[in-house]
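Atom set for the values below is all heavy atoms of this structure, side chains included, hydrogens, waters and symmetry mates excluded.
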Amino acid sequence: VVRQFPAQLHRVHGYADSALRMQPEIAAKMNSLSAAEFEQVLHPIFQEDELTLILVGGVLGLIVGYLQAIFTQPDRDPGDDVPPQTAPGPA
C-alpha cells in the first residue's frame, strides 16, 4: 500500500475534494472576509519573500523613473548650453 500510495494520490485527492466539497466552502469563507482580514490571511504567505518583493519593486521603480526622465525631457539643440557671446565694447 505504501509503495502504491504516491501513484494513487491523484484519485484520493479527487475523491476527497468531491466528498468534502471544501472548495465552495473555502471560497464562501474567503468572500466573507473584510479587506483587513484577507490581508491577515495573505501576509504570512508573502512574509518570507517580503524583502525580495520590496527590493525588486525598488529596482523596477528606479528603472521606470530613469526611463521616464529620459523620454520626457524636451528636445534640446547642442548649442543651447553655450552662453551667447557678447561683442567686445569700448573699454
Side-chain angles (χ1 to χ4, degrees):
V1 172
V2 173
R3 282 185 272 144
Q4 292 180 354
F5 183 72
Q8 302 301 322
L9 187 59
H10 69 281
R11 290 183 182 176
V12 172
H13 183 273
Y15 170 75
D17 197 32
S18 65
L20 298 175
R21 294 187 183 109
M22 290 183 70
Q23 187 173 2
E25 180 71 22
I26 292 172
K29 296 283 185 185
M30 294 295 282
N31 285 332
S32 68
L33 294 176
S34 69
E37 291 169 329
F38 187 71
E39 190 273 333
Q40 287 177 350
V41 170
L42 288 182
H43 189 74
I45 297 168
F46 293 107
Q47 192 168 12
E48 67 183 55
D49 296 326
E50 192 170 13
L51 180 61
T52 303
L53 292 171
I54 291 169
L55 292 175
V56 168
V59 169
L60 289 175
L62 194 70
I63 291 169
V64 170
Y66 179 74
L67 292 173
Q68 182 180 6
I70 289 173
F71 290 114
T72 59
Q73 285 186 355
D75 292 332
R76 297 180 348 160
D77 290 331
D80 286 349
D81 293 335
V82 178
Q85 293 189 7
T86 58

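To the nearest 0.5 Å, the span separating CG on L53 from CD on E48 amounts to 10.5 Å.
At least one side-chain heavy atom of I45 sits less than 4.5 Å from a side-chain heavy atom of L42.
The local environment of CE in M30 is crowded, with over 12 non-hydrogen atoms from other residues, nucleotides or ligands closer than 6.0 Å.
Tracing side-chain contacts under 4.5 Å through hydrophobic residues (I, L, V, M, F, W, Y), one reaches V59 starting from L67; they form part of the same cluster. Linking ILVMFWY side-chain heavy atoms closer than 4.5 Å, directly or via other members, places V64 and F71 in two distinct hydrophobic clusters. Linking Ile, Leu, Val, Met, Phe, Trp and Tyr residues whenever their side-chain heavy atoms come within less than 4.5 Å places F38 and F46 in a single cluster. Under the 4.5 Å side-chain heavy-atom criterion for Ile, Leu, Val, Met, Phe, Trp and Tyr, Y15 and L20 are members of distinct hydrophobic clusters.
Shown here are the side chain to side chain contact (heavy atoms under 4.5 Å, CB included) partners of Q73, two or more places apart in sequence or in another chain: there are none. With sequence neighbours left out, I54 forms a side chain to side chain contact (heavy atoms under 4.5 Å, CB included) with E50.
The side-chain hydrogen bond (donor to acceptor under 3.5 Å, both in side chains) pairs that include a residue from residues 28-38 are S34-E37, where partners are two or more places apart or lie in different chains.
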